[in-house]
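Some notes on the structure that comes next.
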Amino acid sequence: MEWPTTAVEAIAVQEELRGHVDLTDVGKTPRYVAGLDVAYDGDRLAAAVVVLDRDTLAEVDRAVVRGETTFPYVPGLFAFREVPALLAALEQLGTTPELLVCDGQGLAHPRRFGLACHLGVLTGIPAIGAAKTTFVGSHGELAREGGATAELVDGGEVVGAAVRTQDGVKPVYVSVGHRVSLRTAIDHVLRLAPRYRLPETTRLADRACREGLSDG
DNA sequence: GCGACAG
DNA sequence: ATCTTGTCGC
């Protein structure tokens with residue numbers, strides 16, 4: 001299947017690949033968890049993947065690649081803008097991540113195929129989405145305490161969860177990407193965010209890709 | 001028809 | 001995503 005150029009083609013790709021999403025939890029606890037993010041400066045971009053030890057949260061590897069945008073930002077087709085560069089970064093890694101923590105949605109997407117599903121299906125690696133804001137779906141109030149969660153519902157189905165990682169902070173939106181259950185995805189996010197609102201994986205990946213832009 | 005709309 | 005100072009709170 002060719003890489004799409006138009007929105008119509010891109011949607012067709014999503015409809016095709018969505019059938020490859022595996023909703024079964026891999027069961028095995030990952031040791032190497034990766035955070036992925038992309039930064040932009042006009043048409044220039046830098047994609048970063050930072051791998052952390054799941055228990056100590058210590059960085060064990062990272063890769064940053066620079067390039068240019070090949071697809072515009074279109075709500076619902078966000079993955080086509082970031083996937084090429086992120087796959088390139090993943091290939092430069094000297095380590096194979098066992099979990100991808102993506103900066104965006106997984107199943108919490110209009111066609112149930114957000115960035116996390118896309119990267120998961122293409123790599124075969126378990127993946128989850130951890131977004132700063134919702135895209136589709138709504139949820140009820142959640143307790144003020146860190147660890148509180150609320151189902152994210154869209155079209156009558158649970159597509160993810162609003163997760164409060166720290167007391168009083170705005171929730172992070174977690175959804176399944178590939179080969180991980182929602183419960184496991186939530187547990188991973190809470191464990192990866194012991195101090196700040198966002199998981200350490202996304203915080204480090206965010207810093208890494210920004211640096212990759214400036215010193216490039 | 002009018003907004004909303006991951007990053 | 002990115003443009004952007006000070007400011008309220010712990």
Side-chain angles (χ1 to χ4, degrees), chain A residues 4 7 10-11 13-14 17-18 21 34-50 64-89 100-122 127-139 144-146 152-155 158-178 182 185 189 194-199 201-214 216:
Chain A
I11 290 174
V13 169
Q14 294 183 322
L17 295 180
R18 63 188 293 186
V21 171
L36 307 84
D37 194 16
V38 181
Y40 303 84
D41 174 26
D43 287 331
R44 290 197 314 130
L45 64 78
V49 180
V50 179
V64 181
V65 302
R66 298 197 300 118
E68 301 198 338
T69 57
T70 59
F71 206 92
Y73 168 67
V74 179
L77 301 179
F78 174 55
F80 295 93
R81 185 172 172 75
E82 309 211 326
V83 164
L86 289 174
L87 288 180
L100 305 180
V101 180
C102 309
D103 197 351
Q105 321 290 343
L107 294 178
H109 174 280
R111 286 172 293 283
R112 307 291 181 260
F113 197 72
L115 176 66
C117 299
H118 209 131
L119 281 172
V121 167
L122 261 37
I128 66 176
K132 304 177 203 60
T133 62
T134 52
F135 183 23
V136 298
S138 58
H139 62 82
R144 183 182 184 295
E145 298 71 50
L152 220 206
V153 181
D154 180 56
V158 177
V159 297
V163 179
R164 184 104 64 197
T165 56
Q166 307 295 323
D167 291 359
V169 304
K170 291 187 301 182
V172 168
Y173 300 91
V174 180
S175 58
V176 169
H178 187 57
L182 179 56
V189 169
R195 163 107 200 203
Y196 301 102
R197 179 198 174 216
L198 298 176
T201 38
T202 73
R203 296 185 75 242
L204 293 186
D206 180 78
R207 256 204 285 168
C209 63
R210 291 199 201 196
E211 293 173 1
L213 256 193
S214 49

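Note on naming: letters A, B, ... go to the chains in the order of the sequence lines (proteins, then strands), and numbering restarts at 1 for each one.
- Looking at heavy-atom distances under 4.0 Å, A:Leu45 makes no contact with the nucleic acid at all.
- What separates CZ of A:Arg111 from P of B:dA6 is a distance of 13 Å, to the nearest Å.
- Residue-level contact check: A:Gly129 touches neither bases nor backbone, having no heavy atom under 4.0 Å from any strand.
- A:Leu152 places its CG atom 14 Å from the P atom of B:dC5, with the value rounded to the nearest Å.
- For A:Arg112 (side chain) and A:His109 (main-chain N/O), a donor-acceptor pair under 3.5 Å exists by modelled atom type.
- Under the 4.0 Å criterion applied to side-chain N and carboxylate O atoms, A:Arg210 and A:Asp37 are not assigned as salt-bridge partners.
- For A:Arg81, the side-chain atoms get nearest to B:dG7 when compared with the rest of B:dG7, B:dA6, C:dT2.
- For A:Phe135, whose side chain is taken as the heavy atoms from C-beta onward, the closest listed nucleotide among B:dG7, C:dT2, B:dC5 is B:dC5.
- Between A:Arg210 atom CZ and C:dC3 atom C1' the separation is 12 Å, expressed in whole Å.
- The aromatic ring of A:Phe78 does not sit over the base of B:dA6; the criterion of centres under 5.5 Å apart with planes under 30° is not met.
- A donor-acceptor pair is defined here as one N or O able to donate and one able to accept, closer than 3.5 Å; no such pair exists between the side chain of A:Arg203 and the backbone of A:Tyr196.
- In this structure, A:Ala108 reaches neither bases nor backbone, as no heavy-atom distance under 4.0 Å exists between it and the strands shown.
- Rounded to whole angstrom, the span from the CG atom of A:Leu36 across to the C1' atom of C:dA1 amounts to 16 Å.
- Stacking between A:Tyr73 and B:dG7 is shown: the ring centroid lies under 5.5 Å from the centre of the six-membered base ring, and the planes differ by under 30°.
- With A:Glu145 contributing its side chain and A:Asp167 its backbone, the two residues share no donor-acceptor pair below 3.5 Å.
- Between the CG atom of A:Leu115 and the P atom of C:dA1 there is a distance of 13 Å, rounded to whole Å.
- Within the 3.5 Å criterion, the main-chain N or O of A:Gly67 finds no donor-acceptor partner in the side chain of A:Arg44.
- Atom CZ in A:Arg197 sits roughly 20 Å away from atom P in C:dG9 (whole-Å rounding).
- To the nearest angstrom, P of B:dA6 lies 11 Å from NE2 of A:His109.
- Phosphate contact (OP1/OP2 of B:dG7, side-chain N/O of A:Thr133, threshold under 4.0 Å): present.
- Summarising the geometry, the separation between CG on A:Asp103 and P on B:dA6 is reported as 12 Å, rounded to the nearest angstrom.
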